[in-house]
There are 2 protein chains.
Amino acid sequence: MVDKEEYREKIILTASTIFSHYGFRKTTMDEISRALKKGKSSIYYYFGSKEEIFEAVVLHEANQLRSRLTKAIKEVDSPPDKLRNYIYVRMKEFAKLSNYYNAVFDKNLDHFDFIEKIRSRYDREELAILRLLVYVGNNRGVFAVENSEYTAMAIQTMLKGMEVPLFWRKREIDINDRLEAILSLIFNGILKKEEGLLLYG
Amino acid sequence: MVDKEEYREKIILTASTIFSHYGFRKTTMDEISRALKKGKSSIYYYFGSKEEIFEAVVLHEANQLRSRLTKAIKEVDSPPDKLRNYIYVRMKEFAKLSNYYNAVFDKNLDHFDFIEKIRSRYDREELAILRLLVYVGNNRGVFAVENSEYTAMAIQTMLKGMEVPLFWRKREIDINDRLEAILSLIFNGILKKEEGLLLYG
DNA sequence: GAATTTCCGACCCGATTGGTCCACTTGATT
DNA sequence: AATCAAGTGGACCAATCGGGTCGGAAATTC
């Protein structure tokens with residue numbers, strides 16, 4: 001009773017690994033319950049449906065992502081490093097989440113409106129973060145952009161470009177190259193020329 | 001007509017990526033055919049059944065494995081390097097194959113006798129390779145073992161230990177540590193003491 | 001333009017699976 | 001020890017899924 005919430009979390013954690021591996025569709029309640037060493041029906045004592053579990057898992061994963069990204073920003077100090085770190089971690093984390101994407105983009109599974117909610121909310125948060133990063137960098141004189149808002153939106157647009165599955169269907173080395181290219185583009189377009197050429201000549 | 005065999009290979013390649021990702025059970029014929037941009041029934045023109053495709057895929061994968069391993073041996077010259085390279089590549093390749101293992105060890109799917117055939121044949125080949133490696137190393141005076149045959153079998157036994165899923169359920173770094181430990185054990189037990197202590201003091 | 005190769009939509013039917021029901025343990029409380 | 005709520009899981013159901021078939025339509029070859 002006191003640990004019901006606790007066990008819900010355990011379910012979330014377990015289901016998370018399975019979902020991330022096989023996606024929503026291919027993951028069965030039986031697998032989840034077997035992984036938990038419980039009867040299938042017992043799971044329904046904690047969650048009303050498979051979708052409900054999935055919703056909790058996605059929410060949990062979104063929170064994980066948020067905390068990792070804020071950590072990535074706090075780890076370093078200079079705005080270029082912050083931005084670079086942010087983009088890097090974001091890229092790596094999204095790679096891990098690719099299977100959830102499969103689930104999301106799975107046709108006839110578009111009734112997952114909660115994902116859209118999470119997503120749009122996350123988009124706004126990210127935009128705020130980027131705007132702040134650009135703004136601070138601007139103030140410190142290391143960035144030189146006219147409008148932080150628009151620049152942040154532009155960066156976010158590029159970041160979104162890295163989300164499309166096509167981006168990931170290549171070899172590891174290629175991906176790192178592409179990341180470098182994107183970083184270079186952002187920085188050389190954003191940095192005062194002296195520093196920019198220093199970092200990405 | 002002339003390219004029927006060719007198209008079979010294309011099917012094998014495509015199916016291979018899906019099988020390796022989801023395993024035999026969770027992979028559907030519909031997915032395979034969709035990935036090939038063909039109707040489901042068309043696939044049956046080239047293969048008689050899902051299992052038949054799987055068999056071809058596993059066989060193909062086994063051949064890939066073999067060629068990569070022989071390449072690993074040829075790349076370097078000294079017997080210790082050959083052995084080391086062989087074990088290293090074998091480890092990496094088996095990691096990639098872990099999903100086929102899931103398929104194989106899937107309960108109620110033990111009627112895949114062809115896998116056992118491939119496997120036992122591969123075991124014999126591997127034993128021959130190891131025996132030769134040990135034998136040559138012995139002749140060159142860099143190994144010092146009494147019986148190449150038995151030593152090869154012992155090494156193979158350790159290698160097999162790395163196949164059990166349990167071995168892989170850990171973090172990357174841990175695995176590399178374990179590999180080092182295994183290599184160290186093999187070499188320090190096999191090398192003439194001077195060289196052995198040189199390489200793995 | 002017939003013959004042959006290749007493809008596919010529609011269908012079949014057994015297996016799978018999300019979800020329900022209900023009888024049962026368990027363990028705390030009185 | 002009797003009660004009761006929390007928690008469990010086996011049996012079951014209805015719907016869907018998915019491997020495989022079939023007849024014939026395209027496409028290609030001769």
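Quick note on labels: first sequence line is chain A, next is B, and so on, each numbered from 1. All values reported here derive from a predicted model rather than from experimental measurement. Heavy-atom basis, side chains included; hydrogens, waters and symmetry copies ignored.
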Exercise. Between B:K117 and B:Y122, does any side-chain donor sit less than 3.5 Å from a side-chain acceptor?
Worked result: no
Seminar exercise, completed: Rounded to whole Å, the NZ-C1' distance (A:K38 to D:dG7) equals 8 Å
Exercise. Of the nucleotides D:dT8, C:dG19, D:dG20, which has the atom closest to the A:Y44 side chain?
Worked result: C:dG19
Problem set entry | Any side-chain donor near an acceptor of the partner, B:Y86 and B:E126, under 3.5 Å | yes
Seminar exercise, completed: Rounded to whole Å, the CD-P distance (B:E31 to D:dG18) equals 8 Å
For this session: Starting from C1' on C:dT17, measure out to CZ on A:F24 and report it in whole angstrom.
Result: 12 Å
Problem set entry | Nucleotide D:dT28, atom P - distance to NZ of B:K4 in whole Å | 17 Å
Seminar exercise, completed: Rounded to whole Å, NZ of A:K26 lies from P of C:dG18 at a distance of 13 Å
Exercise. So do the side chains of A:V136 and A:R140 get within less than 4.5 Å of each other, counting heavy atoms only?
Worked result: yes
Write out a two-atom table: protein N or O, nucleotide N or O from nucleotides 9-11 of chain C, distance below 3.5 Å.
from  : atom 1 : to    : atom 2 : distance (Å)
C:dG9 : N7     : B:S41 : OG     : 3.4
C:dG9 : O6     : B:S41 : OG     : 2.2

Exercise. Expressed in angstrom and rounded to an integer, what is the separation of A:M29 atom CE from D:dG10 atom C1'?
Worked result: 16 Å
For this session: Determine: side-chain N/O of A:Y45 to OP1/OP2 of D:dG9, distance under 4.0 Å, yes or no.
Result: no
Problem set entry | Ion pair A:K160/A:D123, N-O distance below 4.0 Å | yes
Exercise. Taking NZ, NE, NH1 and NH2 as the nitrogens, is one of them in B:E116 or B:R121 under 4.0 Å from a carboxylate oxygen of the other?
Worked result: no
Exercise. Just checking B:T27: base, sugar-phosphate only, or nothing, at a heavy-atom cut-off of under 4.0 Å?
Worked result: sugar-phosphate
For this session: With the side chain of A:R25 defined as its heavy atoms from C-beta on, choose the nearest nucleotide among D:dC17, C:dG19, C:dT17.
Result: D:dC17
Problem set entry | Within residues 9-22 of chain A: residues closer than 4.0 Å to DNA chain C (heavy atoms) | none
Exercise. Salt bridge check: are A:K96 and A:E93 linked by an N-O gap of less than 4.0 Å?
Worked result: yes
Exercise. Within 45° of the axis and under 6.0 Å from the centre of the six-membered ring of A:Y46, does NZ or CZ of A:K10 qualify?
Worked result: no
Exercise. Any side-chain heavy atom of A:V145 sitting closer than 4.5 Å to one from A:Y135?
Worked result: no
Problem set entry | Ring-face cation contact, A:Y88 with A:R90, 6.0 Å cut, 45° max | no
For this session: Please work out if A:Y46 contacts a base, only the sugar-phosphate, or nothing of the nucleic acid, heavy-atom cut-off 4.0 Å.
Result: sugar-phosphate
Exercise. How many Å lie between NZ on B:K50 and C1' on C:dA15, as a whole number?
Worked result: 12 Å
For this session: Look at all strands and tell whether B:S49 reaches a base, only sugar-phosphate, or nothing, counting heavy atoms closer than 4.0 Å.
Result: sugar-phosphate
Exercise. Please give, in whole Å, the distance from C:dC8 P to B:L36 CG?
Worked result: 11 Å
